[in-house]
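All figures in this text were calculated on a predicted structure; none of them were measured in a lab. In the text below, chain A, chain B and the rest are named by the order of the sequence lines, each starting its count at 1.
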Amino acid sequence: MTIRIQTEDFDITKEINLLKEERKKSGQQDVGAIVTFTGTVRDMAGKTPINSMSLEHYPGMTEKELTDIAEEANKRWPLLGTTIIHRIGDLEPGDNIVLVVTLSSHRHAAFEAADFLMDFLKSKAPFWKKEQPLEGEANWVDARDSDKQALSRWEK
Amino acid sequence: MTIRIQTEDFDITKEINLLKEERKKSGQQDVGAIVTFTGTVRDMAGKTPINSMSLEHYPGMTEKELTDIAEEANKRWPLLGTTIIHRIGDLEPGDNIVLVVTLSSHRHAAFEAADFLMDFLKSKAPFWKKEQPLEGEANWVDARDSDKQALSRWEK
Amino acid sequence: MKILYFAWVREKIGKSQEELEIPDAVKTVADLILWLETKGPEYEAAFANKETINSAINQSHVDHSTQLNNANEIAFFPPVTGG
Amino acid sequence: MKILYFAWVREKIGKSQEELEIPDAVKTVADLILWLETKGPEYEAAFANKETINSAINQSHVDHSTQLNNANEIAFFPPVTGG
């Protein structure tokens, strides 16, 4: 399980290969399905053109929450590897924000776990986005009701 | 929309970047969510250790089916880019077999479309796997009932 | 008419494709399978378990009740196992 | 007790953290918010819309009815918007 908060970009292929190598050390090559989710910065917030975005987080709590979420996913699905990387600091349209990678023997477990990780990350992990429009004041992004509703899909 | 059948390996980061570049040519950076699925060769088929695998396909029909499946996904979800790459020929445990990439503004569309593409590819695209165990004769992989059942999730 | 075989259908019949003149009485995919079985034991072996045989006309999946009509190319193969 | 503020809560209060002696009468997170509001208009502005304020004790999410008990660190922030 890899959890990282970083300013620098990530390389998806490289992160997958790290997880595959780690799993291979167990002596088995039982990974059959790899799902990745990457969130990227869009150039519009509704109808407002965006110049840049900055991401603040709560050091300490962020790592704790992401670890809890990853552990919960590993309880629910037979995962063979999990990575969550979230960038902080200043980002521009097109830039990567977040990466989730799940490895499993079967595809539905990998898909569902990645989907679950993103829903929980969106509602639980203490990150806040501030958008700088092309014109005018920077403003804090509002939370979406749809993200809260997405969580209810995973109630047991 | 990119559909490729090839013997060589693929690089996931590179394929994502190709789709992002293509979308950027439209003048918009409206991609917010990128999902990839990668299928890889496992070293066991049930309890039988596997040495290698070979993949046969139906040239012409394969491209047609994959194009149909990708078009259907693009009708159902607001996708901003779709790639399907499937390898053929001889593969070893750990090797990549198939890649699906979906780009969208929002994550649930990207997740569902990638999941859909894989379910349809598994049941419709004319590929056949032959496994070579460490000992004994090579044998053709049987289709799974669970793959057929997975399709019913997408009935409208 | 061009007939293609894939995977273990191909291996049992011993060829990947052939060009055949189909009698007029052969109207459907099912008729064609019955007619092919008269051509030798290798065909009988390939089509022994008909429910597991998938077919395509002009590179589109069809079921065995489908009329051949203007088919140029027919393929027989086991359930697909890619991905 | 260490109190942390993030995002627009931090901006409105004008600091990212502070160390405060909390009166014994302050038992819950809700009590703490009410007490903080007495400290000045910047706190009143930050907590004006209490339903939108999230809180964490010792780096775990809690709701406003939670007892402070052995809290070392309390944080206030808007709903999270990462990912």
Side-chain angles (χ1 to χ4, degrees), chain B residues 5 37-42 45 53-69 84-89 91 96-100 114-131 137-151, chain C residues 1-20 22 28-30 32-33 36 41-83:
Chain B
I5 317 297
F37 174 86
T38 310
T40 54
V41 181
R42 285 180 287 158
M53 168 179 283
S54 72
L55 266 148
E56 176 174 335
H57 79 125
Y58 182 172
M61 179 167 171
T62 312
E63 292 80 354
K64 190 174 170 299
E65 281 293 318
L66 293 179
T67 304
D68 285 355
I69 294 166
I84 306 175
I85 300 174
H86 204 297
R87 295 179 72 190
I88 50 171
L91 299 174
N96 291 327
I97 305 171
V98 61
L99 174 66
V100 159
D115 198 1
F116 170 93
L117 287 169
M118 279 310 302
D119 278 352
F120 273 72
L121 185 154
K122 282 261 179 189
S123 284
K124 301 283 187 187
F127 292 100
W128 300 274
K129 282 177 184 149
K130 192 175 194 175
E131 287 171 339
E137 289 280 295
N139 51 272
W140 293 98
V141 174
D142 280 332
R144 288 168 169 273
D145 281 344
S146 60
D147 284 328
K148 222 168 201 174
Q149 285 155 14
L151 278 196
Chain C
M1 192 184 288
K2 188 177 175 186
I3 310 188
L4 303 173
Y5 310 108
F6 292 97
W8 54 255
V9 178
R10 171 178 58 72
E11 287 182 343
K12 287 191 181 180
I13 291 174
K15 58 183 97 175
S16 60
Q17 64 177 77
E18 59 189 325
E19 194 74 36
L20 291 173
I22 311 296
T28 66
V29 175
L32 179 58
I33 291 173
L36 285 168
E42 67 275 27
Y43 290 90
E44 279 182 56
F47 292 111
N49 198 346
K50 289 177 189 53
E51 309 86 71
T52 68
I53 302 289
N54 286 221
S55 52
I57 292 182
N58 298 348
Q59 306 191 345
S60 289
H61 291 286
V62 294
D63 60 37
H64 292 189
S65 64
T66 306
Q67 300 280 324
L68 299 181
N69 291 332
N70 303 317
N72 309 311
E73 183 174 311
I74 298 197
F76 294 104
F77 44 79
V80 303
T81 56

- Where does C:Ala56 contact chain B at under 4.5 Å (heavy atoms): side chain, backbone, both or neither? side chain
- Message: Measuring only between side-chain heavy atoms, which start at C-beta, is C:His61 closer than 4.5 Å to B:Met61?
- Response: yes
- Interface moiety of B:Lys124 toward chain C, non-hydrogen atoms closer than 4.5 Å: both
- Can you tell me how far the CD atom of B:Glu63 sits from the CD atom of C:Gln59, to the nearest 0.5 Å? 8.5 Å
- Item | Crowding at CG, C:Asn70 (>12 non-hydrogen neighbours, <6.0 Å) | no
- Item | pair B:Trp140-C:Glu11: side-chain heavy atoms closer than 4.5 Å | yes
- Query: Is it true that a side-chain atom of B:Trp128 and a backbone atom of C:Pro78 form a donor plus acceptor pair closer than 3.5 Å?
  - Reply: yes
- Which atoms of C:Asn54 come close to chain B, meaning under 4.5 Å heavy atom to heavy atom: side chain ones, backbone ones, both, or neither? neither
- Note on the structure: Between B:Ala125 and C:Val80, the two heavy atoms sitting closest are O-CB, 3.2 Å
- Heavy-atom proximity to chain B below 4.5 Å, by part of C:Ser16: neither
- Query: Is a side-chain N or O of C:Thr81 found less than 3.5 angstrom from the main chain of B:Lys129, in a donor-acceptor match?
  - Reply: yes
- Given that the side chain runs from C-beta out, which part of B:Asn139 has a heavy atom under 4.5 Å from chain C: side chain, backbone, both or neither? neither
- Got a sec: does the NZ of C:Lys50 have more than 12 other heavy atoms crowding it under 6.0 Å? yes
- Message: Give me the atom names and distance for the closest heavy-atom approach of B:Glu56 to C:Ala7.
- Response: OE2-N, 2.9 Å
- Message: Tell me whether B:His86 contacts the main-chain N or O of C:Gly82 through its side chain, where contact means a donor paired with an acceptor under 3.5 Å.
- Response: no
- Task: State whether the number of non-hydrogen atoms from other residues, nucleotides or ligands found under 6.0 Å of B:Asp145 atom CG is greater than 12.
- Result: no
- Query: For the candidates B:His57, B:Glu65, B:Met118, which exhibits the highest count of non-hydrogen atom pairs separated by less than 4.5 Å from chain C?
  - Reply: B:Glu65
- Under 4.5 Å from a heavy atom of chain C, the part of B:Lys130 involved: side chain
